[in-house]
Amino acid sequence: MEFWLGQQMELKTKNRLTFLVYALILGAFIGAVTWLFLWAMDFCLELIWTDLPERIDFIYLPVAVCTIGGVLVGLCKKYFGSVPGVLSIELEEIKRTKRADYKNLPAVAVSAFLPLVFGGSIGPEAALVSILGGLSTWIADHIKTTAKNVKAYTEIGAAATLSAMFGSPFFGFAEIFESRKNSFISFDESADKPITIGSDAFDDEIFDEFNDDAGEINKISSENTNSGKVNAEKISNEKISNEKVNTEKINSEKEEEEPDIFPKRSKNLIYFASAIVAFGVFAVLSHIFPESGIYRYEYVPFGLNEWLAILPLAVISSLFGYLYYIFGILIRKGIRPIKEKKVLLATVGGFILGLAGLLLPYTLFSGEAQIAQIAVEWTTMSAFILLLTAVVKIFVSRLCFLTGWRGGHIFPIIFSGLVLGYAFSKIVPVDPTFSALICSAAMTGMVLRKPVATVLVYLIICPIEYLIPLTVATVICCFIPFPKMFEKAEREEIEEELESKKQMHDKEKQKAGIEKSGN
């Protein structure tokens, strides 16, 4: 008995050590690939937007470049589907399915790269999470010693990617594991709590589209539309039967899962350690091959005026965050007639993006590289131009995403908030840096609805001395009501995204079935 217990303890220790080693190696790999992706992106941006204008003197070059980019993006969307996906959905799918899809990684990489280098007002975070999350799952699937911990390694991949890209292990960890649940107040007084992406009820409903059994019920319903009550009873019985099967299946899967070799707290520490390694490798490579990187503000002492200004600045900037959802509703209605014409839709999006960039250059690109520029040049711009830039930046960011220019939204929102803060500093007597950071944090807090992650991401661009005022501004956001119409619009947009993914998976299954029958 003692010999058996000793063997079990030795095996458990070996498993823990193996998990730790592979997690750290994966973190290092993620950090290196993230750096390589961003380096390639910066190289192409320099080639298209700096070298090309020096050779071609054409005032409308931004319009031409963005329109050509729109055609290429549209072709990618037509043949590869809506990839990469929405960051929030990608992270939620990793949590629920315990893995990330890696069948279309080349298509995801190309589809993600083109919008970024052709000036899209989107960030690279969604693309990198899709690519590196899929790579993490593939690695776990193909290495025998890691195959039983696919979920853990996939989550590590997503957290490490965000940590390396945003230059903060804390942010990557918080973004993966912080829920938006109960963060905001809803206008729906009849509900006990708001339905947001973080709530279990909402998650269960929107992800039911991926349930094969539910799909079979719908199939039975469509094939027997003339069967009356008999058909209804058949569907009802079939549904009950399938629900029992689903319950048994879930219980079976839980039983088959490998028991945690670490306590939850210890496993979280390993996740965090992997994120630190990813960040460290990324930082070392950036030091060896210097790049511009993200601008970091220096501490400027702030006084009573700044403390008194936090509340109004945070409230007003949070309301500006509503524009993210308002523009989404308006753009979705506007593009409805050409929604299914993928190439035309993306081309129109590119053309409008180019026009905006021609008139307001800061509306192009994701924004992280432009923070250093706006921190200097805002003094030469009027309050009206700054305010207009902030608003149009939000608009084109939403336009890009909804017309097929897929990517993240965090960097564009951060940049829009900074520009908004500079505009306010020309109107009210507060320090410009303080105003920019507070406004940006409040606007980002309203859009992300993840207070901890919001505060942590700002420690990348500002000193620790701003932690308390930034935290206060983000907490204020939590008390700003989140209108029901935005919840509904967000839900519809996510359902469309899930339906698009479902159709793409169905096409892949049909293609695989045809190939199999052909063989």
Side-chain angles (χ1 to χ4, degrees), residues 62 119 121 294-328 330 352-400 409-447 454 458 461-462 466 469-470 472-474 476-477 480:
S121 185
I294 299 177
Y295 179 79
R296 185 173 176 83
Y297 287 94
E298 295 182 359
Y299 172 63
V300 178
F302 44 87
L304 182 61
N305 281 354
E306 282 70 35
W307 283 107
L308 293 176
I310 291 179
L311 179 60
L313 287 177
V315 171
I316 295 172
S317 300
S318 295
L319 296 179
F320 266 87
Y322 281 179
L323 291 175
Y324 179 84
Y325 298 96
I326 293 172
F327 286 148
L330 296 177
I352 296 174
L353 172 67
L355 283 178
L358 181 66
L359 301 174
L360 299 167
Y362 279 113
T363 57
L364 293 173
F365 314 116
S366 63
E368 73 272 19
Q370 286 72 44
I371 294 176
Q373 299 172 23
I374 197 67
V376 175
E377 295 182 7
W378 73 270
T379 56
T380 64
M381 304 166 67
S382 67
F384 173 75
I385 293 298
L386 288 167
L387 184 63
L388 185 62
T389 298
V391 173
V392 175
K393 181 75 173 178
I394 299 173
F395 174 80
V396 295
S397 178
R398 294 294 280 145
L399 177 75
C400 283
H409 61 287
I410 296 176
F411 278 126
I413 294 300
I414 289 174
F415 185 81
S416 298
L418 292 172
V419 177
L420 181 67
Y422 284 130
F424 287 155
S425 71
K426 285 181 172 284
I427 302 172
V428 296
V430 293
D431 175 73
T433 298
F434 185 89
S435 176
L437 291 172
I438 293 299
C439 291
S440 186
M443 184 186 290
T444 305
M446 175 57 73
V447 175
T454 299
Y458 278 87
I461 62 173
C462 67
Y466 289 96
L470 288 174
V472 172
T474 308
I476 290 172
C477 292
I480 305 294

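We number each residue from 1, following the sequence as shown. Predicted, not measured: the structure shown is a model, and the values here were computed from it.
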Under the side chain to side chain contact (heavy atoms under 4.5 Å, CB included) rule, what do Met381 and Val419 come out as? Steps first, then yes or no, please. CA-CA 10 Å; Met381 304 166 67; Val419 177; 5.9 Å; no
Trace of the side chain to side chain contact (heavy atoms under 4.5 Å, CB included) decision for Leu387 with Leu420: CA-CA 6 Å; Leu387 184 63; Leu420 181 67; 3.5 Å; yes
Under the side chain to side chain contact (heavy atoms under 4.5 Å, CB included) criterion, do Ile480 and Tyr322 qualify, and how do the steps go? CA-CA 10 Å; Ile480 305 294; Tyr322 281 179; 3.5 Å; yes
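Ala442 approaches Cys477 most closely through the heavy-atom pair O-SG, 3.1 Å. Closest non-hydrogen pair, Val447 versus His409, comes out as CG1-CD2, 3.7 Å. Closest approach of Asn305 and Pro429 over heavy atoms only: ND2-O, 3.7 Å. The minimum heavy-atom distance between Lys426 and Thr379, with the atom names listed, is NZ-O, 3.7 Å. Closest approach of Gly367 and Phe415 over heavy atoms only: O-CD1, 3.5 Å.
Here the straight-line distance linking atom CZ of Phe384 with atom CD1 of Ile427 works out to 11.5 Å at 0.5 Å rounding. Distance check, rounded to the nearest 0.5 Å: CD1 of Ile413 to OG1 of Thr454 gives 11.0 Å. With values rounded to the nearest 0.5 angstrom, Ile371 atom CD1 is found 5.5 Å from Leu418 atom CG. Atoms CD1 and CZ, on Ile326 and Phe320 in that order, are 10.5 Å from each other to the nearest 0.5 Å.
Screening Val396, Leu399, Ile394 against Ser121 for a side-chain contact (heavy atoms from CB on, under 4.5 Å) leaves a single residue, Val396.
Pairs engaging residues 384-399 under the salt bridge (Lys or Arg N to Asp or Glu O under 4.0 Å) rule: Arg398-Glu493 [sequence neighbours left out].
Ser318 contributes no side-chain N or O that, together with a main-chain N or O of Met446, makes up a donor-acceptor pair within less than 3.5 Å.
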Contacts under 3.5 angstrom, residues 431-440 side chains, donor-acceptor by atom type, not counting sequence neighbours:
unit_1	atom_1	unit_2	atom_2	d
Asp431	OD2	Thr433	N	3.2
Asp431	OD2	Phe434	N	3.0
Ser435	OG	Gly421	O	2.7
Ser440	OG	Ile414	O	2.7
Ser440	OG	Tyr458	OH	2.5

Atom pairs and distances, side-chain donor-acceptor, residues 357-366, under 3.5 Å, sequence neighbours left out:
unit_1	atom_1	unit_2	atom_2	d
Tyr362	OH	Glu377	OE1	2.6
Thr363	OG1	Ala356	O	3.3
Thr363	OG1	Leu360	O	2.6
Ser366	OG	Glu368	OE1	2.1
Ser366	OG	Glu368	OE2	3.2

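Under the 30°/60° scheme for interplanar angles, the aromatic rings of Phe395 and Phe327 are found to stand perpendicular. Between Trp307 and Phe302, the angle of the ring planes goes over 60°, which puts this pair in the perpendicular group of the 30/60° scheme.
At least one side-chain heavy atom of Met443 sits less than 4.5 Å from a side-chain heavy atom of Ser416. Here the side chains of Val300 and Tyr466 are in contact, with some heavy-atom distance below 4.5 Å. Between Leu353 and Cys400, some side-chain heavy-atom pair lies under the 4.5 Å cut-off.
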